[in-house]
Amino acid sequence: MNKREAKKILYEAFGNYADKGSELLFRCPSCNHHKRKFSINIDKNVFKCWICDYHGRNIRRVIRRFGTYLQLQKWDGISNRTDLERFADLFVERGPEKDTTKIDLPEEFVSLSSNKIPATGLYAQKYLYSRGITKADILKWKIGFCFSGEYRNRVIIPSFDEDGDCSYFIARSYTGDSYKYKNPKASKDIVFNELFIDWNSDLVLVEGVFDALVAGNAVPILGSTLRSGSELLRKIVRNDTPVYVALDPDAAEKERRIIKMLLEYDIELHKIDVSGYEDVGSMPREVFEERKKSASFIDRDNYLLLDLLSAV
């Protein structure tokens with residue numbers, strides 16, 4: 001990267017700076033503190049505010065968030081992101097034939113969000129509490145249940161798209177049915193509960209919806225994988241969202257494929273250790289937060305090393 005040009009672009013985006021050799025110090029665009037405590041290291045491609053702790057491992061992300069489109073284009077022109085052909089299909093607007101179809105919740109759906117839960121909902125509520133789901137979770141995720149009909153004796157966790165429309169739902173048995181999940185016949189090429197996702201914050205990729213309830217700003221891949229051209233990948237790449245991968249311990253091969261794909265799109269990537277637990281959903285939340293803090297940063301070099309070690 002041309003450091004001289006990089007400094008010019010950063011000056012255009014964030015104003016005057018103090019050049020300390022290995023780092024440039026600006027006023028933080030996030031907290032706007034009056035002192036120059038926002039450090040950018042061009043060589044390491046990292047940034048950090050020593051006041052509000054806004055930080056990341058991809059300078060492009062802070063330019064995209066706080067700079068102009070022209071400044072972002074200039075940055076792409078001097079960085080390793082100049083090979084834009086592989087990005088093209090992700091930035092083309094989808095045609096009407098690929099629009100996600102809205103779906104309806106089951107007619108028998110009863111919300112568990114109210115203060116007065118019907119007697120038929122007590123077992124569903126007890127099941128959720130046994131899995132560490134709190135009343136606040138139930139309210140946020142608009143969780144309900146069905147006592148009759150096609151989804152009888154199942155907890156219903158709906159997904160809402162960015163417009164607030166229902167795009168999918170998870171139906172999980174709370175009575176020990178041999179078929180734990182019975183979900184609608186609808187496309188899974190969605191961002192589950194996109195309405196609540198903050199693309200400018202760390203995003204955790206997990207297997208299932210109960211994992212996402214523990215992980216916070218998280219998207220479940222619903223037992224599938226992250227496909228090239230999927231709606232979730234498009235949103236991650238468009239927003240330069242940092243990703244933490246926290247799949248089940250028995251999904252190592254799937255996890256490697258996802259990590260490889262995200263690295264191809266220059267996504268800031270971290271891996272959370274889930275060992276010792278069946279999945280994120282079975283972790284105490286404080287344990288998950290500690291493991292997220294100590295997550296391993298993944299780049300192309302150490303990914304290749306991890307891949308070789310896993311094959312031994």
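Excluded from the calculations below are hydrogen atoms, water molecules and symmetry mates; all remaining heavy atoms, backbone and side chain alike, are included.
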Chemist: What closest approach, in Å, do A124 and L112 show between heavy atoms, and which atom pair accounts for it?
Modeler: CB-CD1, 4.2 Å
Chemist: Would you say I51 and L25 are hydrophobically clustered, going by side-chain heavy atoms of ILVMFWY under 4.5 Å?
Modeler: no
Chemist: Considering only heavy atoms from C-beta outward, does the side chain of R36 approach that of K20 to under 4.5 Å?
Modeler: no
Chemist: Determine, for K182 against D177, whether the closest basic-nitrogen to carboxylate-oxygen distance falls under 4.0 angstrom.
Modeler: no
Chemist: Heavy-atom count check: over 12 atoms from other residues, nucleotides or ligands less than 6.0 Å from Y174 OH?
Modeler: yes
Chemist: Side-chain donor-acceptor pair under 3.5 Å between R64 and N200, yes or no?
Modeler: yes
Chemist: Between R285 and E289, is the closest basic N to carboxylate O distance under 4.0 Å?
Modeler: no
Chemist: From N239 CG over to I197 CD1, what is the distance, rounded to the nearest 0.5 angstrom?
Modeler: 11.0 Å
Chemist: So do I40 and Y17 actually touch side chain to side chain, heavy atoms under 4.5 Å?
Modeler: no
Chemist: Does R27 have more than 12 heavy atoms from other residues, nucleotides or ligands lying within 6.0 Å of its CZ?
Modeler: yes
Chemist: Between the side chains of D161 and K102, is the shortest nitrogen-to-carboxylate-oxygen separation below 4.0 Å, so that they form an ion pair?
Modeler: yes
Chemist: Tell me, do C49 and H33 make a side-chain contact under 4.5 Å, heavy atoms counted?
Modeler: no
Chemist: Look at atom OH of Y127 and say whether more than 12 heavy atoms of other residues, nucleotides or ligands are closer to it than 6.0 Å.
Modeler: yes
Chemist: Could you tell me whether F169 and Y151 have their ring centroids closer than 6.0 angstrom?
Modeler: yes
Chemist: Can you tell if the side chain of D211 reaches within under 4.5 Å of the side chain of L247, non-hydrogen atoms only?
Modeler: no
Chemist: Under 6.0 Å from the CD atom of E107, do we count more than 12 heavy atoms belonging to anything else shown?
Modeler: no
Chemist: Measuring from S113:OG to K140:NZ, what's the distance to the nearest 0.5 Å?
Modeler: 13.0 Å
Chemist: Give a yes-or-no answer on whether the side chains of D273 and S275 include a donor-acceptor pair shorter than 3.5 Å.
Modeler: yes
Chemist: If we only count heavy atoms from C-beta on, is the K7 to D19 side-chain gap below 4.5 Å?
Modeler: yes
Chemist: Near K37 NZ, under 6.0 Å, is it more than 12 heavy atoms from other residues, nucleotides or ligands?
Modeler: no
Chemist: Is atom CD of E278 surrounded by more than 12 heavy atoms (other residues, nucleotides or ligands) closer than 6.0 Å?
Modeler: no
Chemist: Taking C-beta and beyond as the side chain, do S30 and F66 meet within less than 4.5 Å on heavy atoms?
Modeler: yes
Chemist: Mind checking whether I9 and Y11 sit in one hydrophobic cluster, side chains of I, L, V, M, F, W, Y counted as touching below 4.5 Å?
Modeler: yes
Chemist: Check whether F160 and I190 end up in the same hydrophobic cluster, where Ile, Leu, Val, Met, Phe, Trp and Tyr are linked by side-chain heavy atoms less than 4.5 Å apart.
Modeler: no
Chemist: Answer with yes or no after comparing the ring centroid distance for F47 and Y54 against a 6.0 Å cut-off, counting only values under it.
Modeler: yes
Chemist: Using links of under 4.5 Å between side-chain heavy atoms of ILVMFWY residues, direct or through other members, which residues join Y277 in one cluster?
Modeler: V204, V206, V214, Y244, I272, V274, V280, M283, V287, F288
Chemist: Can you tell me if NZ on K135 sees more than 12 non-hydrogen neighbours from other groups inside 6.0 Å?
Modeler: yes
Chemist: Partners of E23 by salt bridge (Lys or Arg N to Asp or Glu O under 4.0 Å), sequence neighbours excluded?
Modeler: none
Chemist: Side chains of H55 and V46: does their closest heavy-atom pair fall under 4.5 Å?
Modeler: no
Chemist: Mind jotting down which residue pairs meet the ring-ring contact (aromatic ring centres under 6.0 Å, His included) criterion with at least one end in residues 181-207? Sequence neighbours excluded, please.
Modeler: none
Chemist: With side chains defined as the heavy atoms from C-beta onward, is the minimum distance between I298 and H270 less than 4.5 Å?
Modeler: no
